[in-house]
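The next block holds one structure in the form of structure tokens; read it before the comments.
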Amino acid sequence: MMAAAAMTGLLAVSALAGCGDKDAAGGSDDGKLVMGFSQVGAESGWRTANTNDIKAAAPAAGIELKFSDAQGKQENQISAIRGFITQKVDVIAFSPVVTSGWDAVLKEAKDADIPVILTDRAVDSQDTSLYKTFLGSDFVKEGKEAGDWLVKDSAGKTGPINVVELQGTTGAAPAIDRQKGFADAIAANPNIKIVKSQTGDFKRADGKTVMEQFLQSTPKIDVLYAHNDDMGLGAIEAIEAAGKVPGKDIKIITVDAVKDGMTALAAGKINYIVECSPLLGTQLMELAKKVHAGESVEQRILTQETTFTQEQAKAALPDRKY
């Protein structure tokens, strides 16, 4: 069993090494800065846009990119990072599948003198020296903005307002933070109650399945809050199949603002979207160059984002890049 595991590890490293060799002194053979990037997976339209942007930004910045898809599994991501360390890449960047359990592999990168950049999602490590910076959104703020809209929309209404919540992947930073921000915001109106909350794993198909369960188990649903557009879009299918009108019978709030979500918002099937931009590639490459050169960078770098109503979505759609 141990021999098989060792062989699996060797194959993983070998597969990564096939992306391009690197000499023992560090750097690629042609002198380019080499970045190892481990992506969560391809669970949503947002993630696909994020991956495409990073893959396009690397060559534009003159950086050689070694890319690994973790397929939503932390063990795959840890294996990929260890492969990058073995290859002696110049910089490691990754979007963590979950927040916990990274200290050991991050210490291995630090001991190898390879700087690490977190993208999109944070880790809960108490030792912040294990990574150089975190580039991404303020997920708590996103949840709060979603909740603030609902509080404003519900002003003057009497009686209970029943909310069902489609959470992101259990243990993932955006799921934890978007839930907290929303809960904190709706506390301003005691009539608003979250009556059901369950993970849809950020996936459209899972959003549909869980929403079907919500509709069967909960007679009165006034609002759906989905942690991303894809789950909200899946839920819309379930709502329509149940003979209800999304955006009217059940108001819908989502996070991301990908093109499919914005199209549904423009059509009135979603009522409000909080943006979470996936276009981090250019910023990431600039940061990689700085940390590789030993320059100091802010430990927390926020992306610029906004919110959208139906009319704003209609105006933004023609120029939407993702």
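Residue numbers count from 1 along this sequence. Every heavy atom of this structure was used, including side-chain atoms; hydrogens, water molecules and symmetry mates were not.
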- Query: Is a donor on one side and an acceptor on the other found under 3.5 Å between the side chain of D127 and the backbone of S129?
  - Reply: yes
- Just how far is it from atom CD1 of I81 to atom CD of Q77, taken to the nearest 0.5 Å? 5.5 Å
- Task: Calculate, to the nearest 0.5 Å, the distance between atoms CD1 and NZ belonging to I117 and K290 respectively.
- Result: 10.5 Å
- Here the pair of heavy atoms bringing A122 nearest to A173 is N-CB, 3.9 Å
- Message: Check this for me, if you would: do D319 and K321 make a salt bridge, where the nitrogen-to-carboxylate-oxygen distance has to be below 4.0 angstrom?
- Response: no
- Query: Quick one: CG on L33 to CD1 on I63, what's the gap to the nearest 0.5 Å?
  - Reply: 5.0 Å
What side-chain donor-acceptor pairs closer than 3.5 Å can you find for residues 233-250, not counting sequence neighbours?
{"from": "E240", "atom 1": "OE2", "to": "K269", "atom 2": "NZ", "distance (Å)": "3.0"}
{"from": "D249", "atom 1": "OD2", "to": "V245", "atom 2": "N", "distance (Å)": "2.7"}

- Item | T309 side chain to E311 side chain, donor-acceptor N/O pair below 3.5 angstrom | no
- May I ask you to decide if the ring planes of F37 and F67 are parallel, tilted or perpendicular, using 30° and 60° as cut-offs? parallel
- Looking at side-chain heavy atoms only, is the closest gap between D256 and I273 below 4.5 Å? no
- K107 with D111: basic N within carboxylate O range, under 4.0 Å: yes
- Hey, does the side chain of E295 reach the backbone of V291 with a donor-acceptor pair shorter than 3.5 angstrom? no
- Note on the structure: Distance col, row Q198:CD vs S217:OG, nearest 0.5 angstrom, shows 8.5 Å
- Nearest-0.5 Å distance, CG of residue L65 to NZ of residue K32: 10.5 Å
- Note on the structure: Looking only at heavy atoms, the pair that brings A61 and K289 closest together is O-NZ, 2.8 Å
- Message: Less than 4.5 Å apart, side chain to side chain, heavy atoms only: is that true for T254 and N228?
- Response: no
- Task: Using a strict cut-off of less than 4.0 Å between a Lys/Arg side-chain nitrogen and an Asp/Glu carboxylate oxygen, indicate whether D222 and K251 qualify as a salt bridge.
- Result: no
- Item | Presence of salt bridge, E165 and K196, under 4.0 angstrom | no
- K203 and S44: side-chain donor and acceptor closer than 3.5 Å? no
- Query: Do N189 and S154 have side-chain atoms, one donor and one acceptor, less than 3.5 Å apart?
  - Reply: no
Under 3.5 Å, which donor-acceptor pairs do the side chains of residues 139-149 form with other protein atoms, sequence neighbours left out?
{"from": "E142", "atom 1": "OE1", "to": "R178", "atom 2": "NE", "distance (Å)": "2.8"}
{"from": "E142", "atom 1": "OE1", "to": "R178", "atom 2": "NH2", "distance (Å)": "2.9"}
{"from": "E142", "atom 1": "OE2", "to": "S137", "atom 2": "OG", "distance (Å)": "3.4"}
{"from": "K144", "atom 1": "NZ", "to": "D148", "atom 2": "OD2", "distance (Å)": "2.8"}

- Message: Strictly distance-based, threshold 3.5 Å: is any side-chain N or O of D230 a donor or acceptor partner for the main-chain N or O of G45?
- Response: yes
- Item | Donor on one side chain, acceptor on other, T199 and Q167, under 3.5 Å | no
- Item | Pairwise side-chain contact, S197 with V164, heavy-atom cut-off 4.5 Å (strictly under) | no
- Please round to the nearest 0.5 Å and tell me the distance separating atom CD1 of I114 and atom CG of D90. 8.0 Å
- Given side chains that start at C-beta, do those of Q283 and I301 come closer than 4.5 Å, heavy atoms only? yes
- Query: Taking the side chain from S79 and the backbone from E75, do they hold a donor-acceptor pair closer than 3.5 Å?
  - Reply: no
- Task: Measure from NZ or CZ of R320 to the centre of the six-membered ring of Y322, then state whether that distance is under 6.0 Å and the direction lies within 45° of the axis.
- Result: yes
- Side-chain contact, heavy-atom cut-off 4.5 Å: K314 with Q310? yes
- Query: Any ion pair linking K66 and E64 (charged N to carboxylate O, less than 4.0 Å)?
  - Reply: yes
- Item | Candidate pair L130 and W102, rule side-chain contact (heavy atoms from CB on, under 4.5 Å), full reasoning | CA-CA 9 Å; L130 295 177; W102 302 102; over 6 Å; no
- Task: Say whether Y272 and T307, considering side chains only, have a donor N or O and an acceptor N or O under 3.5 Å apart.
- Result: yes
- Stepwise, does the side-chain contact (heavy atoms from CB on, under 4.5 Å) test hold for I221 with N162? CA-CA 5 Å; I221 298 174; N162 291 346; 5.6 Å; no
- Any side-chain heavy-atom pair of F202 and M231 under 4.5 Å: yes
